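Computed from a predicted model, the values in this text were never measured in an experiment.
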Amino acid sequence: MRIEVRNGRLIDPARGMDEPRDLFLAEGKVAAEAPPGRLDRSLQADRVIDAKGRWVVPGLIDLHVHLREPGEEYKETIDSGLRAAAAGGFTAVACMPNTTPPNDDRSVTERILRQAGRVRGARVYPVAAITVGREGKHLTEFGDLLEAGAVGFSDDGHCLADAGLFRRALEYARSFDALLLQHAQEPRLTVDALAHEGTRATRLGLRGWPRVAEEAIVARDLLLAGYLDARYHVQHVSSAGTVELIRAAKARGIRVTAEVTPHHLWLTDAAVEDYDTNAKVNPPLREEHDRAALRDALRDGTIDCIATDHAPHSVLEKKIEFDRAAFGIVGLETALPLGLKLVRDRVLTPLRLFETLSTAPARVLHVPGGRLAVGDPADLTVVDPERPHRIDPDAFVSLGRNTPFAGYEVPGRAVATVVGGEVVFELS
Ligand code: DOR
């Protein structure tokens, strides 16, 4: 399929570009680019996407998604998850290994890729487990998993708390120039923890989850990553103290990157006030000053990426007592609308928003995409920044409905998503 994307505002952070441009896509790549109406007349498109009044951006890349397959297909499948991603404007997602069985073996990685190959939706980049069974005891076969298609390693959902093993994992990963992604949660500081440790949790009778549970692990990991000169990525940063640690480490040249979720950018622990299980998440929503620090960090580059931590659960795990409910919030179909709200509120510029949602995740994961110059993959998203609507979980493509953002007014959304030169989502 040869596609002309006409009359759009091209926002391409990798080139610092924000101006009207026409694009011509052919053979899965960006084949030509020109000011409006100036594409070479000999280029014949099979179809034209009129992007007048819209933004054309490099396809969004989410480096933290739970697809639940294999094992929990009643929550999400590779098919529903990758179609939900496309509907949210994502052209690629990295999927976490906490499935059943976990992705700790190349047969699971290969299965995920095979299954994803049949879906008309976003691409998938499997993240494999650091340890066998995500049990924190024995390292997985990094070389084998990378060869099978894994793009990095995490025990997400669990923290790799053993310092000795984490050191070995960093050394092992470094030998492949592979990325380790840490779910930073000191288990001994979060036994039975349910909500951010503070006056609200005390009043609600919920056992507290202190910031230091995250910060203690990140501080230790940063020292180890610096000592070993290894790449290290902090998943779902939630606290102002973690931001400070990352800022200082980056200033010292430590090879650290970090992500923040839309829910930590938008909400505080006030969201759990009515024991709303849709706001029960790991790590927990914190206080106003944490939220402000996360926004500042995203703006100044201390935090590199927005990642959703899309964690679908069914009503069986969510419409129950708070202490028994599962942790997690879905994010694939709300991240871009909430990001556009950050732009509207002047927290981020459009260039910075799409840097955090596309260019930076591609750089962190060492995957293609994140840029729309001639020769780059034809992975792009057409965004209507002026399509106000109310978030409605019943309209999600995802099987997960667990969001605390139901009813939120948002300014716009993705209206078309193109992966490898094929339109995989279009708003009718
Ligand atoms: O809230 C969360 N849910 N945080 C995680 O780290 C894991 C995730 C899940 O798998 O449900």
Side-chain angles (χ1 to χ4, degrees), residues 1-12 14 21-34 39-40 42-52 54-63 65 67 69 76-95 110 112-126 149 151 310 332-333 335-336 354 357-359 361-362 365 367-384 396-398 413-428:
M1 174 81 82
R2 293 155 66 90
I3 304 176
E4 186 178 328
V5 186
R6 200 181 273 171
N7 299 322
R9 169 175 161 190
L10 178 63
I11 300 174
D12 193 4
R21 273 285 194 278
D22 290 352
L23 293 179
F24 191 82
L25 315 177
E27 277 147 44
K29 298 218 177 324
V30 179
E33 173 200 311
L39 280 173
D40 189 333
S42 68
L43 295 171
Q44 292 295 320
D46 302 308
R47 69 164 289 192
V48 173
I49 296 177
D50 187 4
K52 194 167 168 44
R54 297 184 168 165
W55 298 353
V56 177
V57 304
L60 312 187
I61 301 172
D62 189 346
L63 75 174
V65 167
L67 291 177
E69 185 179 348
E76 194 80 287
T77 63
I78 290 172
D79 180 74
S80 64
L82 296 182
R83 286 187 300 104
F90 289 94
T91 55
V93 304
C95 64
E110 284 164 357
I112 293 167
L113 289 169
R114 211 168 35 242
Q115 188 75 4
R118 302 191 187 111
V119 181
R120 193 164 161 267
R123 301 176 194 268
V124 74
Y125 295 117
V151 294
H310 176 79
L332 285 171
E333 292 165 86
L336 174 61
F354 294 106
L357 278 169
S358 177
T359 313
L365 289 176
V367 297
R371 195 180 68 169
L372 282 176
V374 170
D376 286 326
D379 286 13
L380 64 79
T381 308
V382 182
V383 177
D384 188 344
F396 287 166
V397 175
S398 169
R413 58 162 301 160
V415 292
T417 307
V418 178
V419 175
E422 300 294 327
V423 180
V424 295
F425 168 78
E426 208 169 5
L427 197 65
S428 43

Student: Sequence neighbours excluded, which residues qualify as side-chain contact (heavy atoms from CB on, under 4.5 Å) partners of Asn7?
Tutor: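 Testing Asn7 for side-chain contact (heavy atoms from CB on, under 4.5 Å), a comparison that skips the adjacent residues, returns Asp22, Pro36, Asp50, Lys52.
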Student: With a 4.5 Å cut-off on side-chain heavy atoms, are Phe354 and Val383 touching?
Tutor: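 Answer yes - side chains close enough.
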Student: Closer than 4.0 angstrom, basic N to acidic O: yes or no for Asp379 and Arg123?
Tutor: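 Here Asp379 pairs with Arg123 in a salt bridge, since their nearest N and O are under 4.0 Å apart.
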Student: Mind checking side-chain contact (heavy atoms from CB on, under 4.5 Å) for Ala335 and listing every partner two or more places apart, or none if nothing turns up?
Tutor: Phe90, Pro262, Thr308
Student: Provide the closest heavy-atom pair for Ile61 versus Ser358 in the form atom of the first, atom of the second, distance.
Tutor: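 In this case the closest contact between Ile61 and Ser358 is CD1-O, 3.8 Å.
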Student: Is Leu82 close to Leu67 at the side-chain level, that is, under 4.5 Å between some pair of heavy atoms?
Tutor: yes
Student: Are a donor atom and an acceptor atom from the side chains of Thr77 and Asp79 found within less than 3.5 Å of each other?
Tutor: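 On atom types as modelled, these side chains do not qualify, holding no pair under 3.5 Å.
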Student: Would you indicate whether the side-chain heavy atoms of Val57 and Leu357 approach each other to under 4.5 Å?
Tutor: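 With C-beta onward as the side chain, the pair stays apart.
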Student: With side chains defined as the heavy atoms from C-beta onward, is the minimum distance between Pro58 and Asp12 less than 4.5 Å?
Tutor: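 Result yes, sub-4.5 Å side-chain heavy-atom pair found.
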Student: Enumerate the side chain to side chain donor-acceptor pair (under 3.5 Å) contacts for residues 369-378, please, sequence neighbours excluded, ordered by first and then second residue.
Tutor: Arg371-Asp376
Student: Where do Thr381 and Ala414 come nearest, in terms of heavy atoms and distance?
Tutor: CG2-CB, 3.9 Å
Student: How long is the span from the CH2 atom in Trp55 to the CG atom in Leu10, to the nearest 0.5 Å?
Tutor: 12.5 Å
Student: Looking at residues at least two apart in the chain, or sitting in another chain, which of them share a side chain to side chain donor-acceptor pair (under 3.5 Å) with Glu333?
Tutor: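 So Glu333 forms no side chain to side chain donor-acceptor pair (under 3.5 Å) with any residue.
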Student: If only atom types and distance count, is the side chain of Arg2 paired as donor or acceptor with the main-chain N or O of Gln44 below 3.5 Å?
Tutor: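 Such a contact is found between Arg2 side chain and Gln44 backbone.
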Student: Tell me the closest heavy-atom pair linking Ala122 and Ala92, and the distance in Å.
Tutor: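 Answer, listing the atom of Ala122 first, then Ala92: CB-N, 3.8 Å.
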Student: Assess whether a salt bridge exists between Arg54 and Asp384, defined as any Lys/Arg side-chain N lying under 4.0 Å from an Asp/Glu carboxylate O.
Tutor: yes
Student: If you look at every heavy atom in Gly369 and Ala362, which pair is closest and at what distance?
Tutor: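 So the minimum-distance heavy-atom pair works out to O-CB, 3.5 Å.
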Student: Measure across Val397 and Ala84 and return the closest heavy-atom pair with its distance rounded to 0.1 Å.
Tutor: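 Smallest heavy-atom distance, with atoms named: CG1-N, 3.7 Å.
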Student: List the atom of Leu43, the atom of Ala32, and the distance in Å for their closest heavy-atom pair.
Tutor: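 The answer is CD1-CB, 3.7 Å.
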Student: With a 4.5 Å cut-off on side-chain heavy atoms, are Leu113 and Val124 touching?
Tutor: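 Of all side-chain heavy-atom pairs linking Leu113 with Val124, at least one is under 4.5 Å.
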Student: Answer yes or no: is there a side-chain heavy-atom contact under 4.5 Å between Ser398 and Leu332?
Tutor: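 Side chain of Ser398 against side chain of Leu332, heavy atoms only: no contact under 4.5 Å found.
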Student: What residues form a side chain to side chain donor-acceptor pair (under 3.5 Å) with Arg413, not counting sequence neighbours?
Tutor: none
Student: Rounded to the nearest 0.5 Å, what separation is found between the CD atom of Glu33 and the CG atom of Leu39?
Tutor: 9.0 Å
Student: Between Thr91 and Leu380 (side chain of the first, backbone of the second, donor and acceptor by atom type, cut-off under 3.5 Å), is there such a pair?
Tutor: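 Between the backbone of Leu380 and the side chain of Thr91 there is no qualifying donor-acceptor contact (under 3.5 Å).
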Student: List the atom pairs, donor and acceptor, that lie under 3.5 Å between side-chain atoms in residues 417-426 and the rest of the protein, sequence neighbours left out.
Tutor:
| unit_1 | atom_1 | unit_2 | atom_2 | d |
| --- | --- | --- | --- | --- |
| Thr417 | OG1 | Ala86 | O | 2.7 |
| Glu426 | OE1 | Arg47 | NH1 | 3.3 |
| Glu426 | OE2 | Arg47 | NH2 | 2.8 |

